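Report on the structure given below.
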Amino acid sequence: MTDDPRSFDVLPGAGHSPVILHVPHSAREIPPSVRADIVLGDDELARELDHITDAHTAEIAEAAAGAAGVVPWRFVNRLSRLVIDPERFPDEREEMRAVGMGAVYTRTTHGAVLRSGDVEAGPLVQRYFLPYARAMTQAVADRLAATGRAVIIDVHSYPRARLPYELHGEGARPPVCLGTDSFHTSPGLLDAARQAFGETELDSPFSGAYVPLEFYGTDPRVEALMVEIRRDTYMTEPGGLAGPGLERLAAALARLVDAVSG
């Protein structure tokens with residue numbers, strides 16, 4: 001028996017679409033067995049989830065998929081990133097380990113203890129991280145087999161004001177930050193994103209783009225871009241309701257999807 005809710009969903013799009021909208025940080029769900037090892041009280045945990053969750057990004061991706069002329073595929077994490085963060089390296093390659101935020105977080109956004117030091121990361125990596133990584137790898141392989149290319153668009157959000165955990169948060173905080181990778185972010189993909197979203201900055205305050213390791217740095221058929229949306233442009237911070245900005249941003253994301261689907 002397991003207390004786990006569904007860990008992630010792969011939501012089909014058009015057979016000829018190369019696009020995967022990846023939504024890794026939108027959920028707040030934490031299985032009871034994982035919650036047991038988090039030392040925060042319920043109110044403290046709720047506040048931490050308000051700060052760390054990319055709230056409403058799954059809704060943005062869903063609305064964009066509905067508005068796009070060519071329906072993209074969606075890969076949506078249904079568990080909180082406080083269970084595991086699927087976009088972090090699970091080993092010493094991950095720089096966010098310096099602030100207790102590797103694949104399994106031990107510290108909060110404000111530096112407080114999240115898990116005690118005797119909680120082992122290995123079982124969580126085995127139970128949640130590796131199946132997620134395998135499924136995302138398969139999703140990309142499927143798009144390559146079907147269309148000859150894959151375009152991963154990571155849908156994230158970030159707060160208007162810098163949080164203490166941010167290692168590189170001293171730069172600009174534009175309405176939309178485009179995170180790029182020197183190998184996987186093509187000029188065409190970047191230009192399409194700039195045209196779709198308007199006011200953007202590159203790699204500030206967050207940089208990089210997610211690509212499964214099997215393809216990372218070796219397969220140019222896999223393109224990737226991270227879209228980081230500043231939260232005050234579409235919701236009440238922290239952790240509040242979405243506003244009319246959500247539909248505007250979903251329409252912009254749909255424009256990007258269509259621009260890179262052909």
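Predicted model, so just to flag it, every value in this text is computed and none were measured.
The shortest heavy-atom contact between Arg149 and Pro18 is NH1-CG, 3.3 Å. Summarising the geometry of Pro212 relative to Met136, their closest heavy-atom pair is CG-CG, 3.9 Å, with the distance given to 0.1 Å. Considering every non-hydrogen atom in both Ala146 and Gly15, the closest pair reads CB-O, 3.9 Å. Summarising the geometry of Val260 relative to Val19, their closest heavy-atom pair is CG2-CG2, 3.8 Å, with the distance given to 0.1 Å. Summarising the geometry of Ala150 relative to Val140, their closest heavy-atom pair is CB-CG1, 3.9 Å, with the distance given to 0.1 Å. Contact detail for Arg173 and Arg160: the closest heavy-atom pair is NE-O, 3.0 Å.
No path of Ile, Leu, Val, Met, Phe, Trp and Tyr side chains, each step under 4.5 Å between heavy atoms, connects Ile30 with Val76, placing them in separate hydrophobic clusters. In this structure, Ile153 is not a member of the same hydrophobic cluster as Val71, with clusters built from ILVMFWY side-chain heavy atoms closer than 4.5 Å. The same ILVMFWY cluster, assembled from side-chain heavy atoms under 4.5 Å apart, contains both Leu40 and Leu49. Following chains of ILVMFWY side-chain contacts shorter than 4.5 Å, one cannot reach Met226 starting from Leu189, and the two form parts of different hydrophobic clusters. By the rule that hydrophobic residues join a cluster once side-chain heavy atoms approach within less than 4.5 Å of another member, Tyr158 and Leu178 end up as members of separate clusters.
Annotation: side chain of Ile84 is not in contact with side chain of Arg127 (no heavy-atom distance under 4.5 Å). Between Asn77 and Val83, every side-chain heavy-atom pair lies at or beyond the 4.5 Å cut-off. No side-chain heavy atom of Val222 sits under 4.5 Å from any side-chain heavy atom of Phe183. At a threshold of 4.5 Å between non-hydrogen side-chain atoms, the residues Arg115 and Val34 count as touching. Using a 4.5 Å cut-off on side-chain heavy atoms (C-beta onward), Pro174 and Pro205 make contact. Taking 4.5 Å as the limit, some side-chain heavy atom of Leu45 sits within range of a side-chain heavy atom of Arg35. Put simply, the side chain of His168 does not reach to within 4.5 Å of the side chain of Phe206, judged on heavy atoms. Counting heavy atoms from C-beta on, the side chains of Arg97 and Phe89 never come closer than 4.5 Å.
In this structure, the side chain of Asp9 does not engage the main chain of Leu11 through any donor-acceptor pair within 3.5 Å. Judged by distance alone, the side chain of Glu120 and the main-chain N or O of Gly122 form no donor-acceptor pair under 3.5 Å. Asp85 contributes no side-chain N or O that, together with a main-chain N or O of Gly102, makes up a donor-acceptor pair within less than 3.5 Å. Looking only at distances, no side-chain donor or acceptor of Arg28 sits under 3.5 Å from a matching main-chain atom of Leu79.
Atom-to-atom distance recorded for Thr57:OG1 and Glu59:CD is 7.5 Å, nearest 0.5 angstrom. Rounded to the nearest 0.5 Å, atoms CD (Glu247) and OH (Tyr234) are 13.0 Å apart. Leu249 contributes atom CG, which lies 5.0 Å from atom OG1 of Thr233 (distance to the nearest 0.5 angstrom). Here NE2 of His25 is found 8.0 Å from CG of Asp154. Values are rounded to the nearest 0.5 Å. Separation of atoms CE (Met101) and OG1 (Thr108) is listed at 6.0 Å; rounding is to 0.5 Å. Interatomic distance, Thr137 OG1 to Glu214 CD, rounded to the nearest 0.5 Å: 5.5 Å.
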Quick one: do Met235 and Leu246 satisfy side-chain contact (heavy atoms from CB on, under 4.5 Å)? Show the steps, please.
CA-CA 8 Å; Met235 63 173 283; Leu246 186 148; over 6 Å; no
Going through the checks in order, is the side-chain contact (heavy atoms from CB on, under 4.5 Å) test met by Arg221 and Phe215?
CA-CA 9 Å; Arg221 299 175 302 163; Phe215 309 103; 5.5 Å; no
Criterion side-chain hydrogen bond (donor to acceptor under 3.5 Å, both in side chains) on Tyr105 and Arg81, from CA distance to verdict:
CA-CA 8 Å; Tyr105 295 0; Arg81 64 197 292 191; 3.1 Å; yes
For Asp142 and Gln138, what are the C-alpha separation, side-chain angles and deciding distance, and is it a side-chain hydrogen bond (donor to acceptor under 3.5 Å, both in side chains)?
CA-CA 6 Å; Asp142 289 346; Gln138 187 61 54; 2.7 Å; yes
How far apart are the C-alpha atoms of Leu114 and Ile38, what are their side-chain angles, what is the distance that settles it, and do they pass the side-chain contact (heavy atoms from CB on, under 4.5 Å) test?
CA-CA 6 Å; Leu114 180 74; Ile38 292 176; 3.8 Å; yes
Any chance you could lay out the side-chain contact (heavy atoms from CB on, under 4.5 Å) test for Phe129 and Val104, step after step, and finish with the verdict?
CA-CA 9 Å; Phe129 184 95; Val104 177; over 6 Å; no
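Screening residues 40-80 for ring pair (Phe, Tyr, Trp, His ring centres under 6.0 Å), with sequence neighbours left out, gives Phe8-Phe75, His22-Phe75, His51-His110, Phe75-Tyr132. Listed by first then second residue, pairs satisfying side chain to side chain donor-acceptor pair (under 3.5 Å) with a partner in residues 198-211 read Thr180-Asp203, not counting sequence neighbours.
Residues satisfying the side-chain hydrogen bond (donor to acceptor under 3.5 Å, both in side chains) test with Arg74, not counting sequence neighbours, are none.
Just one residue in the list Val176, Asp232, Asp54, Ile60 forms a side chain to side chain contact (heavy atoms under 4.5 Å, CB included) with Ser157, and that residue is Asp54.
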